[in-house]
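Residue numbers start from 1 in every chain, and the chains themselves are labelled A, B, ... in the order their sequence lines are given, proteins ahead of strands.
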Number of protein chains: 2
Amino acid sequence: MAEIITPRTLKGFRDLLPATAIRRERLIAAAIAVYQRYGYVPIETPALEYAEILTGGGGTETDKQMYRFDDAGGRHVGLRFDLTVPLARYIAQHIDTLGTPFRGYHVATVWRGENTQRGRYREFVQGDFDIIGTESPLADIETVLVVHDVLVAMGVDRFTIRVNDRRILNALLARVGLERRAVDVLRILDKLDRVGAERVGNDLAETVGASRAQIDEVLELTMRVGPGAEVLDGFADVAGGDAAAVAAIEMLGQLMETATAVGISPNRIVLDGSIARGLDYYTGIVFEAYLDDHPQVGACCSGGRYDDLASRYTSRRLPAVGGSLGVDRLLAAVDDGADATRSAAPVLITRFGDDDGVDLLALAATLRRAGIGVEVYPDPDRIGAQLRYADRHGHRVALIIGPDERGAGEVKVKTMATGDERTVPAADVVAAVGGMLDL
Amino acid sequence: MAEIITPRTLKGFRDLLPATAIRRERLIAAAIAVYQRYGYVPIETPALEYAEILTGGGGTETDKQMYRFDDAGGRHVGLRFDLTVPLARYIAQHIDTLGTPFRGYHVATVWRGENTQRGRYREFVQGDFDIIGTESPLADIETVLVVHDVLVAMGVDRFTIRVNDRRILNALLARVGLERRAVDVLRILDKLDRVGAERVGNDLAETVGASRAQIDEVLELTMRVGPGAEVLDGFADVAGGDAAAVAAIEMLGQLMETATAVGISPNRIVLDGSIARGLDYYTGIVFEAYLDDHPQVGACCSGGRYDDLASRYTSRRLPAVGGSLGVDRLLAAVDDGADATRSAAPVLITRFGDDDGVDLLALAATLRRAGIGVEVYPDPDRIGAQLRYADRHGHRVALIIGPDERGAGEVKVKTMATGDERTVPAADVVAAVGGMLDL
């Protein structure tokens with residue numbers, strides 16, 4: 001016999017036990033249902049791509065975190081670290097077939113060799129959605145509505161989508177003379193939530209040499225937060241007369257107007273001058289969604305407009321706006337780890353050892369055909385053990401066919417929650433069980 | 001501006017256009033619905049594992065095909081090449097939490113650096129399901145029923161599940177004196193379908209030194225095929241009185257009895273003495289499912305019993321039986337490549353440029369709340385172009401709100417299939433559209 005290898009997963013990777021896997025399946029199904037209700041269609045890209053396709057698309061940090069290697073054919077390859085870079089490549093390659101405007105969604109696994117000390121996993125699922133080929137403000141607004149509807153569909157009650165626009169930030173930086181250091185300023189601002197205003201001020205002074213007056217102007221914008229018109233007025237003050245910023249403020253006004261028109265609670269979508277997004281490809285609206293009751297998971301969804309999606313792969317200009325749902329961050333918030341092995345089938349058929357069990361399989365098939373999920377306990381274990389199994393797996397009904405019942409052409413039907421039992425003719429089992437399950 | 005990188009995928013990898021991605025989503029959803037109806041619960045494992053976990057679990061060929069590399073921390077890692085080896089590791093690690101019998105399913109991507117000349121992809125999706133911790137023949141039979149129900153749920157009409165049992169093959173090999181070469185014999189037999197009986201005979205002679213008499217006995221078993229009792233009688237002749245083989249034949253008899261009892265067409269499940277499965281870990285039932293109208297895709301589902309699932313990772317004996325669905329093989333059979341960008345939303349709201357469009361977003365939200373999928377065309381393009389877009393994406397209804405309609409508080413409702421238009425009050429749009437879509 002060969003040596004036993006210790007079963008273990010890699011650092012930063014994990015198995016999902018059934019209860020967690022079921023929750024993730026449901027979150028994904030809820031997101032996809034919303035995407036489809038807005039007209040988005042699925043796309044798929046390979047997990048492995050040429051490293052040159054992936055490199056440089058997400059910034060230096062993601063380049064460093066990318067899993068890359070040479071394959072057996074000597075190709076330099078990498079595992080995708082996000083879904084935006086593969087989308088850009090996909091769109092450059094297929095846009096003539098797809099046409100514009102194109103609404104696509106992509107739910108898939110990504111890999112990043114991140115520092116695991118912050119509780120981050122190195123493998124996680126994202127659910128991206130994007131509209132490509134339009135600069136319409138309606139697309140910007142729709143994107144925020146999709147995020148809202150996805151979180152509602154997932155059963156999240158208390159959340160806040162914080163919305164800003166890069167064009168306002170850009171106008172401010174131009175006015176105070178920091179536009180050449182915009183990339184650095186935005187990266188520093190993006191950490192405001194985690195490190196606080198003082199540290200951001202210090203970093204702006206040290207890294208970009210910003211003056212006290214410049215720092216104060218930037219920090220003042222970040223303090224403009226709220227759902228109301230006064231925030232928009234504040235944005236207008238900050239932006240001066242800059243035409244792009246004026247268009248941004250108009251779009252944000254329409255967003256808030258739409259949110260009111262469709263009955264969205266005013267606290268779920270707020271304007272927030274501090275939202276910057278660290279990545280330098282954003283050009284317009286930017287947003288981040290937070291779960292009010294789970295601030296520790298960070299932004300569970302983020303995104304924005306990037307008006308040159310595929311410029312690394314095509315000379316064709318392709319404006320885009322979209323969002324990326326952090327499925328595993330949401331999962332961390334909703335997963336309590338309970339109920340490790342609950343079955344999705346409400347009925348357990350127990351088994352005595354007095355026959356070959358073919359009749360149990362046939363009964364199970366009859367129930368399934370009536371739309372009732374059924375599990376057959378395979379071994380003639382003690383009936384007490386089988387009923388404990390039913391309890392532990394959350395089966396609501398146990399069917400018992402011992403020698404007596406079989407002889408009489410009957411089935412004993414046990415309600416697990418109460419322990420009540422009754423005996424019904426075999427021909428009536430589907431109706432009896434269906435009635436108990438409210439079918 | 002940086003140099004443009006040619007957008008392309010790696011050899012053996014591919015993007016899915018929306019129509020194909022939708023088909024794959026539906027196949028997977030159909031399989032999962034059946035798994036759950038039988039009481040299986042989902043599990044998830046990482047795509048990347050320690051190479052030592054993966055190596056040796058699937059045989060020399062898969063070892064060679066595995067994508068492996070050293071990660072940034074110097075660990076030897078590999079991408080999973082199937083779902084059976086990760087399942088074995090998972091079960092060894094978590095069985096105390098899960099308990100037995102445990103029914104699990106796992107739908108996930110696997111990677112193999114296969115020769116692409118045979119039209120194979122290097123990345124594909126499998127949908128495995130397994131019952132762990134029981135040797136009951138009911139579990140063997142259930143596994144075949146699950147495969148049957150999955151194919152029916154996927155809308156496949158004509159298919160054949162070919163079933164055999166290793167114990168019969170083993171009894172035959174013992175009787176003719178080839179038991180020590182069983183691994184080689186089974187690997188050669190597994191190619192029978194592709195290379196034919198003459199080549200198999202030659203290979204048996206050359207590779208294992210089989211005599212003409214031995215070869216004839218082996219080939220005779222492979223010709224026993226059919227749904228009826230005469231095939232079971234033939235199996236009994238071949239197996240002699242071997243106790244394990246007798247148990248196998250009894251189980252196969254119960255399988256056919258169950259298939260009849262639950263009304264499965266006799267041609268969908270057949271006994272087939274030629275089914276061997278190349279992998280040496282199978283110990284009992286083995287099966288392969290084929291699509292009658294698409295023989296070129298090969299076995300779209302296969303599996304069997306392996307009574308020492310996790311022996312590489314634990315000293316605990318864990319019998320298991322299960323199947324592996326080749327989702328991408330099924331996709332190849334059902335995908336005709338048509339309808340590249342059909343939307344799942346039946347309604348398109350067109351857009352004139354005379355207002356900011358907030359009312360269109362509000363109308364869309366109202367329709368979605370009534371369960372109707374709606375896409376809003378974002379730009380005020382020419383109405384003809386917008387209606388062509390609706391045609392191409394399969395929208396069934398287009399809503400038109402021009403200056404006249406808006407002034408009158410009305411909406412023009414256009415049936416795309418017929419071109420019929422009618423104008424309804426804005427307040428009646430949900431009812432009108434719902435009626436047209438038979439909601």
> Non-hydrogen atoms of chain A under 4.5 Å away: do they reach the side chain of B:Val34, the backbone, both or neither?
Replying inline: neither
>> Let me confirm one number: the CG-NE2 distance from A:Leu10 to B:His76, rounded to the nearest 0.5 Å.
In response: 12.0 Å
>> Distance check, rounded to the nearest 0.5 Å: B:Leu54 atom CG versus A:Ile5 atom CD1?
In response: 9.5 Å
>> Does A:Leu17 form a side chain to side chain contact (heavy atoms under 4.5 Å, CB included) with B:Tyr90? I'd like the steps, not just the answer.
In response: CA-CA 9 Å; A:Leu17 287 173; B:Tyr90 179 99; 3.6 Å; yes
> Which region of A:Leu79, side chain (C-beta onward) or backbone (N, CA, C, O), has a non-hydrogen atom less than 4.5 Å from a non-hydrogen atom of chain B, or is it both or neither?
Replying inline: side chain
> How about A:Ile4 and B:Ser311: do any of their side-chain heavy atoms sit closer than 4.5 Å?
Replying inline: no
>> What part of A:Ile141 gets within 4.5 angstrom of chain B, counting heavy atoms only: side chain, backbone, both, or neither?
In response: side chain
> How about B:Asp71 and A:Tyr67: do any of their side-chain heavy atoms sit closer than 4.5 Å?
Replying inline: yes
>> For chain B, which candidate among A:Gly39, A:Gly373, A:Ala29 shows the most heavy-atom pairs at distances under 4.5 Å?
In response: A:Gly39
>> So which residue, B:Pro378, B:Gly104, B:Gly263, ends up with the most heavy-atom pairs under 4.5 Å with chain A?
In response: B:Pro378
>> At a 4.5 Å cut-off on heavy atoms, which part of A:Leu363 comes close to chain B: side chain, backbone, both, or neither?
In response: neither
>> Quick check on B:Thr134 against chain A: is it the side chain, the backbone, both or neither that has a heavy atom closer than 4.5 Å?
In response: both
> Which bit of A:Thr45 is near chain B, if near means a heavy-atom gap under 4.5 Å: side chain, backbone, both or neither?
Replying inline: both
> Under a 4.5 Å heavy-atom cut-off, does chain B meet the side chain of A:Val347, its backbone, both or neither?
Replying inline: neither
>> Using a 3.5 Å distance criterion without hydrogens, assess whether the side chain of B:Tyr389 forms a donor-acceptor pair with backbone atoms of A:Pro101.
In response: yes
>> To check you understand the geometry: which heavy-atom pair defines the closest contact between A:Pro7 and B:Ile53, and what is its length?
In response: CA-CD1, 4.1 Å
>> Does any backbone or side-chain atom of A:Ala362 lie under 4.5 Å from a heavy atom of chain B? Answer side chain, backbone, both or neither.
In response: both
> Among A:Arg68, A:Met251, A:Arg369, A:Arg122, which has the most heavy-atom pairs under 4.5 Å with chain B?
Replying inline: A:Arg369
> Looking at B:Ala47, B:Ala72, B:Pro86, which has the largest count of heavy-atom pairs under 4.5 Å with chain A?
Replying inline: B:Ala47
> Can A:Ser136 and B:Asp379 be counted as having a side-chain donor-acceptor contact under 3.5 angstrom?
Replying inline: no
> Which atoms of A:Arg75 come close to chain B, meaning under 4.5 Å heavy atom to heavy atom: side chain ones, backbone ones, both, or neither?
Replying inline: side chain
> Under a 4.5 Å heavy-atom cut-off, does chain B meet the side chain of A:Ala364, its backbone, both or neither?
Replying inline: neither
> Is the closest side-chain heavy-atom distance between B:Val358 and A:Leu138 below 4.5 Å?
Replying inline: no
>> Taking the basic N atoms (NZ, or NE/NH1/NH2) and the acidic carboxylate oxygens, is any pair closer than 4.0 Å for A:Arg89 and B:Asp15?
In response: yes
> In chain order, what residues pass the ring-ring contact (aromatic ring centres under 6.0 Å, His included) check against A:Tyr105, with sequence neighbours excluded?
Replying inline: A:Tyr35
>> Parallel, tilted or perpendicular, judged at 30° and 60°: which one describes the rings of A:Phe69 and B:Phe69?
In response: parallel
>> For A:Gln254, which atoms come within 4.5 Å of any heavy atom of chain B: side chain, backbone, both, or neither?
In response: both
>> Return the OG1 to CG distance between A:Thr100 and B:Asp381, rounded to the nearest 0.5 Å.
In response: 8.0 Å
> Any side-chain heavy atom of B:Pro18 sitting closer than 4.5 Å to one from A:Leu98?
Replying inline: yes
> Relative to chain A, which segment of B:Glu123 carries a heavy atom at a distance below 4.5 Å: side chain, backbone, both, or neither?
Replying inline: side chain
> Of the listed residues (B:Glu250, B:Arg368, B:Arg351), which shares the most heavy-atom pairs with chain A below a 4.5 Å separation?
Replying inline: B:Arg368
>> So does A:Val376 get a backbone contact from the side chain of B:Tyr38, meaning a donor-acceptor N/O pair under 3.5 Å?
In response: no
>> I need the residue from A:Glu257, A:Glu49, A:His94, A:Arg103 with the largest number of non-hydrogen atom pairs under 4.5 Å to chain B.
In response: A:Arg103
> Is the backbone N or O of A:Ile372 less than 3.5 Å from a side-chain atom of B:Arg37, with the two atoms forming a donor-acceptor pair by type?
Replying inline: no
> Taking C-beta and beyond as the side chain, do B:Thr366 and A:Val262 meet within less than 4.5 Å on heavy atoms?
Replying inline: no
>> If we ignore hydrogens and angles and just use 3.5 Å, is the side chain of A:Arg24 paired with the main-chain N or O of B:Glu44 as donor and acceptor?
In response: no
> Could A:Arg8 and B:Glu52 be called an ion pair, given the rule that one side-chain N must be under 4.0 Å from one carboxylate O?
Replying inline: yes
>> Please classify the contact between B:Leu367 and chain A as side chain, backbone, both or neither, with a heavy-atom cut-off of under 4.5 Å.
In response: neither
> Do B:Gln36 and A:Glu25 touch side chain to side chain, with heavy atoms closer than 4.5 Å?
Replying inline: yes
